[in-house]
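A short worksheet on the structure shown next.
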Amino acid sequence: MIRIQDLNKISDYEWEIPKSYRQDMRVAVRLFVTRRLLEAALQDLSIEQAINAATLPGVVEPVVVMPDMHQGYGFPIGGVAATRYPNGVISPGAIGYDINCGVRLLASTIPLEAAEERLDDLANALNHYCPSGVGSEGSIHLTTAELDAVCRQGARWALKKGMASEEDLRRTEENGCLEGADPAKVSQRAKQRGMAQLGTLGAGNHFIEVDVVDQIFDGEAAAAMGLQEGMLALMIHCGSRGFGHQICTDYVQDLQSAVRRYGIQLPDRELVCAPLDSPEGQNYLAAMRSAANYAFCNRQILAYHARRAFEEVFAGSGLRWQLHQVYDIAHNMGKVETHEVNGRKLKVCVHRKGATRAFGPGHPELPDAYKPIGQPVLVPGSMGTASWVLIGTEDSMARSWGSTCHGAGRVLSRNKAKKDFRGERLRNELEQSGIHVRAGSMSGLAEEAPMAYKDVDEVVETVSGAGIARKVARLRPVIVIKG
DNA sequence: ATGTTC
């Protein structure tokens, strides 16, 4: 087990594990943590998993972990690993089971005071229009051909169906559609699971939240995003549902043979991978991109449903209002990107698992509205606590592969949380603190108890202190919809 | 996270 004295302290917000720590490490590991969060991380296997990632063929210095890190399947949630393209490897476990799990934020022009007495109705309407829960199905049942179109087109598919605007797409990572998706590389079983789940929320830590903009930290960036203090905002946190989960399951199994065929030495079988330039690696990439596009489309359709709920509730209110997209960004994804390494451009596959892309100002991928300020980073907190809007910086580009944190990060396992907390009691406590809660499952609610998570404000303070993101706004929840 | 031990 690694001990705190095995790490080098770089600053109050940054630590390093040198590659000399273990013989099979190819590169160092950088941890963006305070001493307190480092001590929390030492309680599980997340740091060991980051060290294991530093042994991957083609990995480029450094492997990075974020302050919200915790143990995951083969690779820490909160981890970032860049591998040379196309000579390095790609690993499904370093992207996650919920491919393109991510967050979408919409900002309204409705002041909290004007909406207060309608919040209960709004919670009901959101709960009604946005199906949630494990295995939940939506109103859309796709044919195989339509599902293939969703895989290729992502959120653009929703535009064709009248459920998106061009502006929604512009304010979505990659305009809501990754190139290179190929539904022919997706199993029939995954497609079966995906056909009826488009436009559904799912369960676990996924949620739809109505927040009030509580505090602005960067006026210029907030203005560019249309965020105003005291106004309502809508946050959607979900991913690719059973579709992406099945694709990950399929390829974790599939790629075991590639590990043998290409003679890859792995410290942990769960870190299964394949060379990016192998047929196995390319097939996974094409399937992973299909799931990513499904998730972009899923969040787009959920936003469409949510707008219908707002329209229904505020129709007779006499209010003039808008609900415009701020941004949509993934935190579980593999992306082929060009980064500057030692003064040279290098093409890499950036694995982000529980880490949010955080491109700095001027990046060509950003929409014009955000080029001057940097990319919006959307950080959901644990249930009932704050959520944050941040922006990417020059430092995130230079030091963390254009990435930052993604949320609060668990400290207790789901099983432990279910034992320690009661869903009914949590719901009552949230309601008493003025948050309207709609939850499908009380045991699911217990798993998401805020006490099972780190303090999101402390996580944000750390990335902000380290310089790999800048604070824009803090949001406070008033409605929480859970599966 | 997940038709939560296909």
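Computed from heavy atoms alone, side chains included, the values below leave out hydrogens, waters and symmetry copies.
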Query - Between C1' of B:dT5 and OH of A:Y97, the distance in whole Å - result: 13 Å
Report task. Provide the closest heavy-atom pair for A:A446 versus A:R422 in the form atom of the first, atom of the second, distance. Result -> CB-C, 4.3 Å
Query raised in the report: What does A:E448 touch in the nucleic acid at a heavy-atom separation under 4.0 angstrom: a base, only the sugar-phosphate, or nothing?
Result: sugar-phosphate
Query - Atom-pair distance (NE2 on A:H206; P on B:dT4), nearest Å - result: 16 Å
Query raised in the report: With nearest nucleotides of DNA chain B determined for A:K418 and A:D98 from heavy-atom distances, which residue corresponds to the more 5′ nucleotide?
Result: A:D98
Report summary line: Atom NE2 of A:H237 and atom P of B:dT2 are separated, to the nearest Å, by 10 Å
Report task. Quick one: label A:Q197 by what it contacts on the DNA or RNA (base, sugar-phosphate, nothing), any heavy atom closer than 4.0 Å. Result -> sugar-phosphate
Requested in this report: Specify the closest pair of heavy atoms between A:G244 and A:I99, including all atoms of both residues, with the distance to one decimal.
Outcome: O-CD1, 3.5 Å
Requested in this report: Would you indicate what A:R241 reaches in the nucleic acid, counting non-hydrogen atoms under 4.0 angstrom: base, sugar-phosphate, or nothing?
Outcome: sugar-phosphate
Query raised in the report: Between atom CG in A:N415 and atom P in B:dT2, what is the gap in whole Å?
Result: 16 Å
Query raised in the report: Roughly how many Å is it from NE2 in A:H245 to C1' in B:dT4, rounded to a whole number?
Result: 8 Å
Query raised in the report: B:dT2 P sits how many Å from A:E137 CD, rounded?
Result: 14 Å
Query raised in the report: Heavy-atom distance under 4.5 Å between the side chains of A:L475 and A:V213, does that happen here?
Result: yes
Requested in this report: Name all pairs fulfilling the salt bridge (Lys or Arg N to Asp or Glu O under 4.0 Å) condition that reach into residues 281-299 of chain A, sequence neighbours left out, sorted by first residue then second.
Outcome: A:R299-A:D328
Query raised in the report: Do any side-chain nitrogens or oxygens of A:R189 fall under 4.0 Å of OP1 or OP2 in B:dC6?
Result: no
